[in-house]
Q: 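Below are the structure tokens for one structure; questions will follow.
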Amino acid sequence: MKEFWDRVLQFCQETTQSIGDRLMLDAGKLQAEQKTDGSLVTQADKWADRAIREAIAKNFPDHGVLTEETTHIFPDKEWCWIVDPIDGTTNFTRGVPIWGISLGLLYQGTPVFGFVYLPFLKQAFHGFWYGDSGLTGYTGAYLNNEPIFTSKDSPSKSHLFNLCARSTAILKNPFPCKVRMIGVASYNLLLVAAGAAIGGVEATPKIWDIAAVWAIIQAAGGTFVSLDSESIFPLQVGENYGNRSFPCLVVSRQELVSVFKPLVKFITTKMS
Ligand code: IPD
Ligand code: CA
Ligand code: CA
């Protein structure tokens with residue numbers, strides 16, 4: 001199985017590096033259109049989406065693919081990639097150098113590997129999380145191939161907690177941490193995996209915002225909590241995931257779920 005994971009990792013590194021290099025040339029220079037859900041899309045998102053799909057089809061011809069800019073139906077395939085070609089399109093469009101390419105690899109509907117690359121930051125996160133899939137191979141979470149772990153600290157006013165634009169209502173009440181709002185769902189949550197933040201919340205992420213980070217965060221020791229009653233994975237074959245949001249809380253360790261869950265119930269789960 002390690003040979004397979006070596007191939008997966010090398011594929012992700014090479015693909016996101018070359019696509020990221022190309023995207024950096026367009027950052028801050030393209031007009032964006034608004035999609036029906038209010039989010040932005042540029043020619044670069046569409047180009048990267050197509051380039052990643054073609055690369056997957058060439059390297060893993062028996063794997064399925066679900067991408068933000070193309071097809072949202074979960075396919076009847078044992079292995080499936082879930083792709084956000086640019087996470088943080090608003091930052092990308094405005095010239096803020098924090099945005100990433102997110103690739104999640106699912107086995108029987110559940111993420112077992114995630115890879116997220118932020119080209120300007122030159123940061124590549126990856127992680128293996130097999131759960132009860134029966135798969136074996138490498139374990140752990142990594143930033144630029146160095147192991148990363150979530151923080152063991154307790155919340156304080158000198159620790160960080162990341163919000164999204166639709167979760168600011170939680171600040172109406174006293175909150176135990178300093179807050180940050182990065183504008184990139186994957187990076188918001190990956191900062192918890194890297195130990196930089198204690199927790200983070202995303203009110204309206206889509207499946208392509210969270211598939212890769214779900215594996216990486218847990219591989220780093222963190223806890224991923226769905227704020228909806230249903231659990232997110234396994235995804236269901238034939239279901240359209242285009243319009244579904246998955247409000248979620250991520251914390252650095254299990255004991256903090258009971259601390260933060262009551263504090264984040266004020267998030268707005270409608271797109272704006
Ligand atoms: C969005 C960003 C944003 C998050 C939204 C996402 P996009 O992704 O990650 O930070 O709050 O929920 O949809 O549209 O830039 O890929
Ligand atoms: Ca996104
Ligand atoms: Ca996107």
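In each ligand, atom 1 is the first atom listed, and ligand 1 is the first ligand listed. One is the number of the first residue; the rest follow in order along the sequence.
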Q: Would you call Lys2 and Asp6 a salt bridge, using N to O less than 4.0 angstrom?
A: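 Salt bridge between Lys2 and Asp6, a charged N being under 4.0 Å from a carboxylate O: no.
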Q: Between Tyr187 and Phe125, what is the ring plane arrangement, given parallel below 30°, perpendicular above 60°, and tilted in between?
A: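 Perpendicular.
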Q: Among the clusters formed by ILVMFWY side chains lying less than 4.5 Å apart, do Tyr107 and Leu105 turn up in the same one?
A: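 In one cluster with Tyr107: Leu105, yes.
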Q: Do the rings of Phe11 and Phe60 sit parallel, tilted or perpendicular, given the 30° and 60° boundaries?
A: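 If you compare the ring of Phe11 with that of Phe60, the planes turn out perpendicular.
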Q: When you measure from the heavy atoms of Gly183 to every atom of ligand 1, does any distance fall below 4.0 Å?
A: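 True for this residue.
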Q: Quick check: does Ser186 get an N/O under 3.5 Å from an N/O on ligand 1?
A: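 Looking only at distances, the answer is no, because the N/O contact criterion of under 3.5 Å is not met.
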Q: Looking at the Ca ion (ligand 3), is there an N, O or S atom belonging to Ile86 that lies under 3.0 Å away from it?
A: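 Within the cut-off used here (under 3.0 Å), Ile86 does place an N, O or S atom near the Ca ion (ligand 3).
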Q: Is any N or O atom of Pro205, backbone or side chain, closer than 3.5 Å to an N or O atom of ligand 1?
A: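 Such a contact does not occur with ligand 1.
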Q: Suppose you place the vertex at the Ca ion (ligand 2); what is the angle out to Asp87 OD1 and Asp209 OD1, to 10°?
A: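 About 90° at the Ca ion (ligand 2).
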Q: Out of Thr89, Val41, Thr93, indicate the one that has the non-hydrogen atom closest to atom 15 (O) of ligand 1.
A: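 The residue whose heavy atom sits nearest atom 15 (O) of ligand 1 is Thr89.
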Q: Compare Lys206, Glu69, Arg166 and give the one whose heavy atom is closest to atom 12 (O) of ligand 1.
A: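 Among Lys206, Glu69, Arg166, the closest heavy atom to atom 12 (O) of ligand 1 comes from Arg166.
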Q: Looking only at heavy atoms, what is the nearest atom pair of Ala212 and Leu103, with distance?
A: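 Where Ala212 meets Leu103 most closely, the heavy atoms are CB-O, 3.4 Å.
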Q: Give the numbers and elements of all ligand 1 atoms closer than 4.0 Å to a heavy atom of Gly88.
A: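 Under 4.0 Å from Gly88, ligand 1 has these atoms: 7 (P), 15 (O), 16 (O).
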Q: With under 30° as parallel and over 60° as perpendicular, where do the rings of Phe128 and Trp5 fit, or are they tilted in between?
A: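 The rings of Phe128 and Trp5 stand perpendicular, inter-plane angle above 60°.
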Q: Does the plane of the ring in Phe233 sit parallel, tilted or perpendicular to the ring in Trp214? Use 30° and 60° as the thresholds.
A: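 Answer is perpendicular, since the angle exceeds 60°.
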Q: If we count only N and O atoms by modelled type, under 3.5 Å, do the side chains of Asp228 and Ser226 hold a donor and an acceptor together?
A: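 On atom types as modelled, these side chains do not qualify, holding no pair under 3.5 Å.
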Q: Under a 4.0 angstrom heavy-atom cut-off, which atoms of ligand 1 come close to Val184?
A: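 Near Val184, meaning under 4.0 Å from one of its heavy atoms, ligand 1 has 9 (O), 10 (O).
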Q: Taking distance alone, with N or O pairs closer than 3.5 Å, would you say Cys164 contacts ligand 1?
A: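 There is no such contact.
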Q: Below 3.5 angstrom, do we get any N/O pair linking Ile86 and ligand 1?
A: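 Yes, at least one N or O pair falls under 3.5 Å.
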Q: Assess whether a salt bridge exists between Glu69 and Lys35, defined as any Lys/Arg side-chain N lying under 4.0 Å from an Asp/Glu carboxylate O.
A: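 Here Glu69 pairs with Lys35 in a salt bridge, since their nearest N and O are under 4.0 Å apart.
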Q: When hydrophobic residues are tied together by side-chain contacts of less than 4.5 Å, even through go-betweens, does Phe175 share a cluster with Val251?
A: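 As far as the 4.5 Å side-chain criterion goes, Val251 and Phe175 are connected within one cluster.
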Q: Is it the side chain (CB and beyond), the backbone, both or neither of Asn188 that lies under 4.0 Å from ligand 1, heavy atoms counted?
A: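 Neither part.
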Q: For the atoms OD1 of Asp84 and OE1 of Glu68, give the angle they form at the Ca ion (ligand 3), rounded to 10 degrees.
A: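 Rounded to 10°, it measures 80°.
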Q: Any idea which atoms of ligand 1 are less than 4.0 Å away from a heavy-atom of Asp84?
A: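 Per the distance check, 16 (O).
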Q: Where on Asp87 is there a heavy atom closer than 4.0 Å to ligand 1, on the side chain, on the backbone, on both, or on neither?
A: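 For Asp87, the contact with ligand 1 is made by both the backbone and the side chain.
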